[in-house]
Amino acid sequence: MSFQAPKGTFDWMPPRSERVLAVRDALAAPARRAGYGYIETPAFEDTGLFSRGVGESTDIVTKEMYTFLDKGGRSITLRPEGTASVMRAVIEHGLPGGPLPVKLWYSGSYYRYEKAQKGRYRHFSQVGAEAIGIEDPAVDAELITLAVDGYASLGLTGVRLLLNSLGCAECRPAYRAALQDFLRGLDLDEPTRQRIEINPLRVLDDKRPEVQAQLSGAPLVTDHLCGACKAYHEEVRTLLTAAGVVYTDDPRLVRGLDYYTRTTFEFLHDGLGSQSAVGGGGRYDGLSEMIGGPPLPSVGWALGVDRTVLAMEAEGLFEAEPSTVDVFAVPLGEEARRVAFGLVVALRRAGLSVDMAFGGRGVKGGMKAADRSGARFALILGDRDLAAGAVQVKDLTTAEQTAVPLAEVADTLKGKLS
RNA sequence: GUGGGUGUAGCUCAGCUGGCAGAGCGCCAGGUUGUGGUCCUGGAUGUCGUGGGUUCAAGUCCCAUCACUCACCCCA
């Protein structure tokens, strides 16, 4: 009997897995510097939170959720995205005493029952940020710049930003009706015709050429925005431009979740196979009320960690794999192994990054392991050194080797490594 | 859910019109009984994805099935 990762999932293994950690940290760093606090919510929630928050008509809810009954008969769903959980937590615990907005960031795994392909799996990792409880174009612009800065800090140059406004409860219905009128006149297959009635905006997202060809004359949201939405959107654009953010207005940009209003944006990259988005987000002024909370106009984004790694690999970043440790000990013989073990523990406690050769292999094998570890220094310890109370410190880049008294090893190495 | 491609060693793959299961890399050991990277020598590792069928004989042909992969719908 053997096992493999469940269908549609994958493992990040060393050394490549280091990239995930680096990306996660880098994407979160700008938000942390901007006063966003860390929030951690459960990986699963009451199913109703997602069906009501994300939207009954979305594909996520209709066919992509991992839903099951727990032993208490409750319907539970593995989170397919992060925003609904964060909003639930904020509503549940009451608003913090401080001023609005409540600014939060988070990071974790999300789950969707998808048919896997490059850049799209049944479990994936995101870093998210949300600014809850305020309506201010500067907050929208702030979040976008934080994401832009995160990508830039990783060295990515191929990330493009698309920007749009989906309007609000005032102006969207009229646009929706106009779009439906237009779409009903097209030659489309049955699933798409159904989508016209449920969520017509998403028809604009269809990638099939025969569909896109018919959409050229479709009415655009931007032509139907109310005065308030138009002014809001203009202000977001002005602030972004002032911050030096390059973006493309895309009146066709819609997003898969029902809760989005006004500002929406997506970060695209070409290194993801047939997927294109490395991140995305927008304003969701109605979500809180949809899930039973007070009016809390909010805005946020989620950036795909795995997809960002793919994008970076496509750009040829990550040239060299980082070495795992700085120092590698090679003991020769039983007694030396005991002394070496103690030395390694002491060096680690002194703050050094240290590994050692296990399994009683010979010097040659031990040195080979030292070399493969990427360590700068090897510590060689045999009977002769034990007798002298010293250890051979060998610089693996220059092959220079000197005997150092055991008591001085830590300080010597620290000096050489600083 | 739909369509294409691929399943052979840890990894990347070769294996022709059926005829002894292979290479490179990696791993282990030796050359050097206390010294890595280069070099040389040797070694270990396989239900050939799985089940069935055809055949004297199947990694190879046929059927089924599973998995992986890429793409579509959709999505970060």
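Between the P atoms of B:G52 and B:U60, the separation comes to 14 Å (whole Å).
For A:Phe265 and A:Trp301, the distance between ring centers is not under 6.0 angstrom.
The CH2 atom of A:Trp301 sits 12 Å away from the C1' atom of B:A76 (whole-angstrom rounding). Rounded to an integer number of Å, the gap from NZ of A:Lys7 to P of B:U65 is 14 Å. Rounded to whole Å, atom P of B:A67 lies 19 Å from atom CZ of A:Phe10. With rounding to whole Å, A:Leu310 atom CG is found 12 Å from B:U69 atom P. In this entry the distance linking NE2 of A:His269 with C1' of B:C75 reads 18 Å, nearest Å. The distance from atom CE of A:Met65 to atom C1' of B:C75 is 15 Å, rounded to the nearest whole Å.
Looking at A:Arg202, its side chain has no donor and acceptor atom pair within 3.5 Å of the base of B:C73.
Along RNA chain B, the nucleotide closest to A:Gly362 and the one closest to A:Asp306 are compared, and the more 5′ of them pairs with A:Gly362.
Formation of a donor-acceptor pair under 3.5 Å by the A:Ser153 side chain with backbone atoms of A:Tyr151 is not found in this model. Counting only distance, with no hydrogens or angles, the side chain of A:Glu45 and the backbone of A:Ile76 share no donor-acceptor pair below 3.5 Å.
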Which donor-acceptor pairs under 3.5 Å do side chains of residues 332-346 of chain A form with protein atoms, sequence neighbours excluded?
from: A:Glu334; atom 1: OE1; to: A:Arg337; atom 2: NH2; distance (Å): 3.0
from: A:Glu335; atom 1: OE1; to: A:Arg338; atom 2: NH1; distance (Å): 3.0

Return all side-chain donor-acceptor pairs below 3.5 angstrom for residues 26-33 of chain A, not counting sequence neighbours, or 'none' if the list is empty.
none

Let me check something: any side-chain donor-acceptor pairs from residues 372-381 of chain A under 3.5 Å, sequence neighbours excluded? List them with distances.
from: A:Ser373; atom 1: OG; to: A:Ala370; atom 2: O; distance (Å): 2.7
from: A:Ser373; atom 1: OG; to: A:Ala375; atom 2: N; distance (Å): 3.1
from: A:Arg376; atom 1: NH2; to: A:Asp395; atom 2: OD2; distance (Å): 3.2

Watson-Crick or G-U pairs under 3.5 Å in RNA chain B, rendered as dot-bracket with [ ] for crossing pairs and | for another strand: (((((((..((((.....[..)))).(((((.......))))).....(((((..]....))))))))))))....
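Of the candidates B:A67, B:A76, B:C72, B:C72 carries the atom nearest the A:Lys115 side chain, counting heavy atoms from C-beta on. Of all nucleotides listed (B:C74, B:A71, B:A67), B:A71 comes nearest to the side chain of A:Lys118.
Partners of A:Asp181 according to the salt bridge (charged side-chain N to carboxylate O under 4.0 Å, His left out) rule, which considers only residues two or more places apart in sequence or in another chain, are A:Arg184. With sequence neighbours excluded, no residue forms a salt bridge (charged side-chain N to carboxylate O under 4.0 Å, His left out) with A:Asp385. Qualifying salt bridge (charged side-chain N to carboxylate O under 4.0 Å, His left out) partners for A:Asp136, counting only residues two or more places apart in sequence or in other chains: none. Residues passing the side-chain contact (heavy atoms from CB on, under 4.5 Å) test with A:Pro297, sequence neighbours excluded: A:Glu135, A:Arg283, A:Asp285. Annotation: salt bridge (charged side-chain N to carboxylate O under 4.0 Å, His left out) contacts of A:Glu130 (sequence neighbours excluded): none.
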Footprint string (nucleotides 30-44 of chain B, 5' to 3'): B base within contact, S backbone only, - free, heavy atoms under 4.0 Å: -B--BBBB-------
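Within residues 152-166 of chain A, no residue has any heavy atom under 4.0 Å from RNA chain B. Within a heavy-atom distance below 4.0 Å of RNA chain B, the residues of residues 119-128 of chain A found are A:Gly119, A:Arg120, A:Tyr121, A:Phe124, A:Gln126.
In plain terms, the two heavy atoms of A:Leu215 and A:Arg252 that are nearest each other are O-NH2, 2.9 Å.
Regarding contacts with the backbone of B:C72, a side-chain N or O of A:Gln117 is found under 4.0 angstrom from either OP1 or OP2.
In this structure, A:Arg112 is not positioned above the aromatic face of A:Tyr66 in the sense of NZ or CZ being under 6.0 Å from the six-membered ring centre and within 45° of the axis.
Electrostatic pairing of A:Glu313 and A:Arg19 counts as a salt bridge here, judged by a charged N lying under 4.0 Å from a carboxylate O.
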